[in-house]
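Start at 1 and go down the list; that is how both ligands and their atoms are numbered.
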Amino acid sequence: MRKDLELDTLAIHAGQSPDPQTGAVMPPIHLSSTFAQQGPGQHRGFEYSRTDNPTRRTLEQCVAALEGGQQGIAFASGSAASAALLGTLAPGDHVVVCDDVYGGTYRLMDKVFAPLGIEWSRVDMTELRTVEAAIKPNTKLLWVETPTNPLLKLVDIKTLGWLAGTHGIRLIVDNTFATPVLQRPLLLGAHAVVHSSTKYLNGHSDVVGGIVITDDEELARRLRFLQNAVGAVPSPFDCYLVLRGLKTLPVRMRRHCETAHALAIFLDSHPRVARVHYPGLPTHPQHALTGRQMTLPGGMITCELRGGLPAARAVLSSTELFVCAESLGGVESLIEHPATMTHASVPADARAALGISDGLIRLSVGLEAEVDLRHDLEQALG
Ligand SMILES: *Cc1c(COP(=O)(O)O)cnc(C)c1O
């Protein structure tokens with residue numbers, strides 16, 4: 001397939017062509033756990049589904065093409081994908097992580113890999129000097145999320161890709177919040193992209209999955225080894241669902257962003273709202289970087305309510321369309337309270353240092369009509 005196709009086209013066609021045997025236009029779901037061999041060791045590329053599976057391979061090729069990369073390695077969850085990346089390290093290696101990294105990634109570093117001898121530092125990655133100062137002789141990875149969660153700070157991928165290059169280390173970007181529709185980190189100098197496909201890639205809140213994309217042959221080889229050896233692989237049915245979701249990813253992302261932008265402006269002018277964090281607002285501290293790095297500012301909004309915890313509780317229990325739940329990136333709108341939900345495992349003093357106050361709420365703006373979502377927020381804030 002041509003490499004210069006637009007994302008909208010790749011989302012539908014990359015890795016997929018009509019089935020040569022039946023002409024089926026949609027790729028079949030290959031549930032088989034094992035594959036017939038003509039003789040011992042003579043197979044047609046598939047032996048056993050933990051090692052490789054045709055439906056999984058199609059998904060891996062499709063997401064790799066969307067990210068502008070060569071290799072996709074799919075996992076049973078975003079956390080399993082992150083764990084595989086960290087599993088390529090050896091005791092004594094060091095990782096620099098952005099300060100408001102996803103809570104589950106924090107937990108992986110803190111409770112799983114630190115006890116195995118992997119060192120890590122958490123720093124504010126919006127300043128190049130801070131990141132540079134955190135790099136040590138044993139640093140192997142820079143681990144970035146952008147926009148960050150829940151404060152939607154942006155990290156300059158191109159600059160950090162350059163920094164990683166000068167130190168001979170790898171830059172990993174968790175692209176879950178942005179998706180390749182809004183930013184393609186590999187094209188900006190990242191060495192690998194990791195996704196929780198549970199979120200926007202699948203987009204329908206009915207799959208838990210993860211994937212890593214890289215052009216780095218050595219890294220891909222080790223990740224494929226871990227994919228097979230550890231076996232945290234997605235089921236063929238889940239791979240099919242994500243492939244199906246991907247077909248509408250570009251269309252969905254444009255609509256998520258359009259509605260989120262309108263709601264961010266509405267919230268910004270609401271008297272009960274003290275501050276709105278949204279990369280598309282001119283008041284966002286890195287608004288200029290949004291324009292350089294992202295095609296659109298995203299479907300997530302975080303805002304600080306006047307009135308702290310009681311105000312947050314009141315709003316979260318009064319919305320009717322926005323469902324109070326963790327997660328994000330689905331067709332339906334969700335609302336959550338980081339301090340008591342997604343970021344409850346971050347100690348209170350660390351939360352305070354990050355700016356995750358008790359009045360902070362996070363919205364995942366879905367695909368419902370903007371006017372209905374606005375009325376829902378209006379009545380809940382009232
Ligand atoms: C959800 C999420 C993860 C973890 O993914 P799971 O599929 O839940 O394991 C990692 N990073 C980010 C940014 C996420 O939002």
Can Glu132 and Arg129 be counted as an ion pair, charged N to O under 4.0 angstrom? no

Once you round to the nearest 0.5 Å, how far does OH of Tyr278 lie from CD1 of Ile301? 6.5 Å

Answer yes or no: is there an ion pair linking Arg292 with Asp156, defined by an N-O contact shorter than 4.0 Å? yes

With a 4.0 Å cut-off on N to O distance, would you call Arg56 and Glu60 a salt bridge? yes

Lys/Arg-Asp/Glu bridge criterion (N-O < 4.0 Å) met for Glu218, Arg170: no

Look at Asp206 together with Arg244 and state whether they make a salt bridge at an N to O cut-off of under 4.0 Å. no

For a distance cut-off of 3.5 Å, show me each N or O of ligand 1 paired with any protein N or O, plus the separation.
from	atom 1	to	atom 2	distance (Å)
ligand 1	5 (O)	Ser196	OG	3.0
ligand 1	7 (O)	Gly78	N	2.9
ligand 1	7 (O)	Ser196	OG	2.8
ligand 1	7 (O)	Thr198	OG1	2.7
ligand 1	9 (O)	Gly78	N	3.2
ligand 1	9 (O)	Ser79	N	2.8
ligand 1	9 (O)	Ser79	OG	2.7
ligand 1	11 (N)	Asp174	OD2	2.7
ligand 1	15 (O)	Lys199	NZ	2.7

